[in-house]
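Step one of this worksheet: look at the structure below.
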Number of protein chains: 2
Amino acid sequence: MISLEQQKNPNPEDFPSELEGLRMTKQRREVLAVILAERDHPTANDVFTRAQERMPTISLATVYNCLEALVSHSLVRQVNFERESSRYCPNLSDHCHFQDEKSGKIHDVVFKGGVKLEDLLELPQGTKISHLEISLKGRFGK
Amino acid sequence: MISLEQQKNPNPEDFPSELEGLRMTKQRREVLAVILAERDHPTANDVFTRAQERMPTISLATVYNCLEALVSHSLVRQVNFERESSRYCPNLSDHCHFQDEKSGKIHDVVFKGGVKLEDLLELPQGTKISHLEISLKGRFGK
DNA sequence: GTCGAAATTTGGAATTATTCTAATTCGGAA
DNA sequence: TTCCGAATTAGAATAATTCCAAATTTCGAC
């Protein structure tokens, strides 16, 4: 797994011309930079709005294209909650997501030491998991 | 948790007039019967089509209404996979879902003896989980 | 550097699942 | 039977996402 540093103002120009086999274009760099800039979970539209600040000509379709490219090359994670619009997550380490019902905000949640979910499921021998998503909803204790 | 028997041809008329505090109307009975009739994971539209066989006048909007009522009263589970349309599941016991990438079909997966996912997560003290969904995607071993 | 092919971007249209709306119908209580 | 709130209905509206076809950019070969 590649490790892209989270930083306040990532400079799109600092990304190499290729990441994880994905050719980095100006727009893909910008979209990636937007996502790495904050540790939150923006929607495609949020990303679009933020990207427009530095690249006013970028289109929403391109943002969708870039997101799909980045996700499929594991540079960004896609997060789905029920039927809400997809969100995107810069944290590539093993974790799942908790949505606070009060604020709607999404938080990363990690597993206790070394737990591998796959080991806890009754799956037919040899089953290959290519994708796994855990979504929690609830309220923080007060 | 209520336990509604899975059976080949559930008779909508056999359901009591109220289930889990939800008043059972003709349409809600029919929708519930459709879902209990098969151990699969139909979309709202699938349910609509199947319900129409015995109740040709039912509308899609009603199917959506009924599904939402049944789900919110825990008579049926809603299953979401990425951005695909929601599916509905008659199995109320603790389990998660695996989608076979080859067929697209969804299968129920149970946890190994008594594992409680909540116990494996690093959540702030007192966090109340109201909803939890685990979705897996992959291929069965051959 | 120039050329052509291939990939990417773009704006707008199209799609699709779902929700909303307003009118009608139903079902139970009085 | 009558009344009232809830449920149903058909169709319109919404919203996220995808599709499309044209324009632009990039890349490699020369």
Side-chain angles (χ1 to χ4, degrees), chain A residues 12-13 15-34 41-52 54-73 75-76 78-88 104 106 135, chain B residues 12-13 15-34 41-52 54-73 75-76 78-88 104 106 135:
Chain A
E13 281 140 49
F15 297 126
S17 71
E18 194 177 305
L19 273 173
E20 300 279 284
L22 178 68
R23 199 177 113 202
M24 292 306 283
T25 64
K26 225 174 337 118
Q27 289 83 347
R28 287 174 186 163
R29 275 178 235 268
E30 182 56 40
V31 166
L32 181 53
V34 161
H41 299 85
T43 62
N45 205 67
D46 295 336
V47 173
F48 176 51
T49 309
R50 295 181 199 172
Q52 277 185 311
R54 276 198 295 203
M55 190 183 272
T57 59
I58 198 171
S59 76
L60 180 56
T62 298
V63 169
Y64 273 102
N65 289 343
C66 293
L67 288 171
E68 121 81 14
L70 294 170
V71 167
S72 68
H73 286 76
L75 291 164
V76 157
Q78 183 169 9
V79 178
N80 299 296
F81 263 91
E82 316 242 319
R83 317 253 75 242
E84 294 173 30
S85 49
S86 286
R87 295 168 173 279
Y88 298 85
I106 290 169
S135 318
Chain B
E13 280 140 49
F15 297 127
S17 70
E18 195 177 304
L19 273 174
E20 300 279 284
L22 177 68
R23 180 155 83 88
M24 292 304 282
T25 63
K26 225 175 336 117
Q27 289 82 349
R28 286 176 185 161
R29 276 178 234 267
E30 182 55 42
V31 167
L32 181 53
V34 160
H41 300 84
T43 63
N45 205 66
D46 295 336
V47 173
F48 177 50
T49 309
R50 295 180 199 174
Q52 276 186 312
R54 275 199 295 203
M55 190 183 270
T57 59
I58 197 170
S59 76
L60 180 57
T62 298
V63 169
Y64 272 103
N65 289 343
C66 293
L67 288 171
E68 122 79 16
L70 295 170
V71 167
S72 69
H73 287 76
L75 292 164
V76 157
Q78 184 169 7
V79 178
N80 299 297
F81 262 90
E82 315 241 320
R83 317 253 75 239
E84 295 174 30
S85 47
S86 286
R87 294 169 174 277
Y88 298 86
I106 290 169
S135 318

Can you measure A:E82 atom CD to D:dA16 atom P for me and round it to whole angstrom units?
16 Å

Under 4.0 Å, heavy atoms only, any strand: does B:T62 hit a base, just the sugar-phosphate, or nothing?
base

Just checking B:T43: base, sugar-phosphate only, or nothing, at a heavy-atom cut-off of under 4.0 Å?
nothing

Taking all heavy atoms of A:A44 and all of A:Y88, pick out the closest pair and write down the distance.
N-CE1, 3.9 Å

Can you see if the side chain of A:Q27 gets near the phosphate of D:dT25 - specifically, an N or O under 4.0 Å from OP1 or OP2?
no

Can you check the A:M24 CE to D:dT25 P distance for me, whole Å?
19 Å

CZ/B:R87 to CD1/B:I106 distance, rounded to the nearest 0.5 angstrom?
4.5 Å

A:T25 vs C:dT9: side-chain N/O to OP1/OP2 distance below 4.0 Å:
yes

Is B:R23 close enough to D:dA6 that one of its side-chain N or O atoms is under 4.0 Å from OP1 or OP2 there?
no

A:E82 meets the salt bridge (charged side-chain N to carboxylate O under 4.0 Å, His left out) criterion, sequence neighbours left out, with none

Side chain of A:A61: nearest nucleotide among C:dG12, C:dT8, D:dT8?
C:dG12

Would you kindly give the CG-to-P distance between B:L22 and D:dA6, to the nearest whole Å?
13 Å

Going from CG on B:L22 to OG on B:S72, what distance comes out if it is rounded to the nearest 0.5 angstrom?
7.0 Å

Can you measure A:F48 atom CZ to D:dA15 atom C1' for me and round it to whole angstrom units?
15 Å

Let me know, please, whether B:Y64 or B:S17 comes out on the 5' side of the other along DNA chain C by nearest nucleotide.
B:Y64

Tell me the interatomic distance from B:L60, atom CG, to C:dT16, atom C1', rounded to whole angstroms.
12 Å

B:K26 NZ to C:dG27 C1', straight-line distance once rounded to whole Å
11 Å

Residue whose closest nucleotide on DNA chain C lies nearer the 5' end, B:Q78 versus A:R28:
A:R28

Quick one: are B:L32 and B:M24 in side-chain contact, heavy atoms under 4.5 Å?
yes

If the helix axis at each end comes from five base pairs, how far does the helix from C:dG1-D:dC30 to C:dA30-D:dT1 deviate from straight, to 10°?
30°

Just the rounded figure in Å: distance from P of D:dT14 to CG of A:N45.
17 Å

Spacing of CD belonging to B:Q78 relative to CG belonging to B:L70, to within rounding of 0.5 Å
11.5 Å

Side chains of A:D46 and A:T49: donor-acceptor distance under 3.5 Å anywhere?
no

Interatomic distance where CG belongs to A:N65 and P belongs to D:dT26 [whole Å]
16 Å

To the nearest 0.5 Å, what is the distance between CG on B:L75 and CZ on B:R28?
10.0 Å

Nucleotide of D:dT17, C:dG12, C:dA17 approaching A:R83 most closely (side-chain heavy atoms)
C:dA17

Contact under 4.0 Å: B:S86 side-chain N or O vs C:dT18 OP1/OP2
yes

